[in-house]
Amino acid sequence: MHEKERHRVILSAVQERPVATVADLCTLTGASEATVRRDIAALHLAKKLRRVRGGAESVNPPQFVGLAGRPFAINETMQARQKRAIARAAVDLCADGEAIIINGGTTTFQMVHPLASRRMQVFTNSFPIAEHLLKHSRNTIMLAGGAIYREQNIILSPFDNDVTRNFYASRMFMGAQGLGPLGLMETDPLLIQAEEKLIGQADELIVLVDSTKFDRRSSLVLCPLARISTVITDEGIPDKAAAMLEAADITLIVAQSGAQQQEEAAS
């Protein structure tokens, strides 16, 4: 990641949490601790953030606390080719006239392009998914009610009496922070609360995750493997993860993105 891009990621991170630690920023940028500390020092001198012990904070901290996890703008640049292939495979499962739920996320967002030629009923808690489908398709769109979390571009409500309970779908499509033996994992309690409501409104849960998500873990489990009907991922899925899904009687769809062949050719 180039310096300008690292600075953008760091400034975004300090806007969404009280203090962004050096360790957090190393994870987000993929840079070394020494590099991140130099970046923090440079941005501090430029008065774009405030350097604190062990990390950095915003010069003007937001009044509205964001969700845990990477911002949408950062996530959408990662594993982009794989996400597009996974999304195309997901839309291939859909039929015109069907009612579906699409949970907000950068992988599920890629579904908007193949959905442009469909005529479906789509319920989503994602502002960019709803906006794109409204402008570029003839699908019927319903939005969840609640507050818009800018960094993740997602709409969440802590209340039980929102419109979610009034929509029924044959399938729900969603991503996740991680996927392991305990099930789907997320990073924020508010996300868990909202997504549990959505999952309860669909017959089938279809999970869209690129192969890196099998190596990630979180302290919060959204739902067990038994609730998942299908997992769509890319050709980089580890054999151990494929065996785990097979043992749980989950249908596995491997979307061919061509990324693996490109990596092998380059090496």
Side-chain angles (χ1 to χ4, degrees), residues 1-83 103-110 126-128 147-154 156 174-180 184-192 194-195 208-222 234 236 259 263:
M1 189 179 289
H2 295 298
E3 181 182 271
K4 185 179 291 186
E5 179 66 11
R6 289 199 313 273
H7 286 188
R8 187 179 71 83
V9 170
I10 290 169
L11 290 172
S12 177
V14 299
Q15 281 296 327
E16 65 167 5
R17 61 196 76 184
V19 174
T21 67
V22 171
D24 290 338
L25 297 175
C26 287
T27 300
L28 287 172
T29 61
S32 68
E33 183 176 321
T35 298
V36 166
R37 289 187 184 278
R38 284 198 298 271
D39 288 337
I40 290 174
L43 292 168
H44 176 81
L45 287 174
K47 297 183 179 181
K48 293 183 177 181
L49 54 70
R50 186 179 295 111
R51 182 170 54 186
V52 297
R53 184 179 179 84
E57 65 180 8
S58 173
V59 175
N60 299 299
Q63 299 301 309
F64 186 65
V65 179
L67 300 171
R70 290 193 188 99
F72 185 95
I74 297 173
N75 270 336
E76 69 176 339
T77 65
M78 304 173 72
Q79 308 294 316
R81 182 190 297 271
Q82 290 89 336
K83 289 175 180 179
N103 190 56
T106 55
T107 306
T108 52
F109 175 75
Q110 292 300 324
S126 166
F127 188 77
I148 300 176
Y149 288 75
R150 286 183 174 86
E151 291 295 328
Q152 281 79 16
N153 280 328
I154 199 169
L156 299 178
M174 70 178 301
Q177 171 69 21
L179 179 56
L184 278 184
M185 289 166 281
E186 271 299 351
T187 55
D188 193 281
L190 186 56
L191 273 175
I192 296 280
E195 289 169 349
L208 283 59
V209 286
D210 66 76
S211 55
T212 65
K213 299 297 180 68
F214 294 101
D215 295 324
R216 296 183 187 171
R217 297 292 182 266
S218 171
S219 60
L220 301 176
V221 177
L222 170 59
D234 59 78
E263 289 172 5

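Nothing fancy with the numbering, it's 1 onward along the sequence.
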Minimum heavy-atom separation for Gln177 to Glu186, with atom names? N-OE2, 3.7 Å

So Val221 and Leu184, side-chain contact (heavy atoms from CB on, under 4.5 Å) or not? Walk me through it. CA-CA 6 Å; Val221 177; Leu184 278 184; over 6 Å; no

Give the minimum heavy-atom separation between Ala176 and Val209, together with the two atoms involved. N-CG1, 4.0 Å

How long is the span from the CG atom in Leu25 to the CD1 atom in Ile40, to the nearest 0.5 Å? 5.0 Å

Under a 3.5 Å threshold, yes or no: a donor from one side chain and an acceptor from the other, between Thr27 and Asp24? no

Rounded to the nearest 0.5 Å, the CG atom of Leu179 sits from the CG atom of Asp210 at a distance of 11.0 Å

Donor-acceptor side-chain pairing of Asp234 and Ser211 below 3.5 angstrom: yes

Check: Thr108 side chain, Asn103 main-chain N or O, donor-acceptor pair, under 3.5 Å: yes

Only counting residues at least two apart or in another chain, list the ones meeting side chain to side chain contact (heavy atoms under 4.5 Å, CB included) with Ala46. Lys48

Does any non-hydrogen side-chain atom of Leu49 lie less than 4.5 Å from one of His44? yes

Taking the side chain as every heavy atom from C-beta outward, state whether Leu208 and Met174 have any pair of such atoms under 4.5 Å apart. no

How close do Ser58 and Val14 get, heavy atom to heavy atom, and via which atoms? CB-O, 3.4 Å

Find the distance between CZ (Arg6) and CG (Leu43) and round it off to the nearest 0.5 Å. 10.0 Å

Rounded to the nearest 0.5 Å, what's the gap from CD1 on Ile10 to CD on Glu5? Could you check? 10.5 Å

Pairwise side-chain contact, Val59 with Lys47, heavy-atom cut-off 4.5 Å (strictly under): no

Kindly give the heavy-atom pair with the smallest separation between Gly180 and Met185, and that separation in Å. N-CE, 3.4 Å

Measuring from atom CG of Asp39 to atom NZ of Lys4, what distance do you get when rounded to the nearest 0.5 angstrom? 13.5 Å

Taking every non-hydrogen atom, the tightest pair across Thr107 and Lys83: OG1-CG, 3.4 Å

State which residues pass side chain to side chain contact (heavy atoms under 4.5 Å, CB included) with Arg37; sequence neighbours excluded, sorted by chain then number. Val22, Glu33

Give a yes or no on this: more than 12 heavy atoms of other residues, nucleotides or ligands lie within 6.0 Å of atom CZ of Phe214. yes

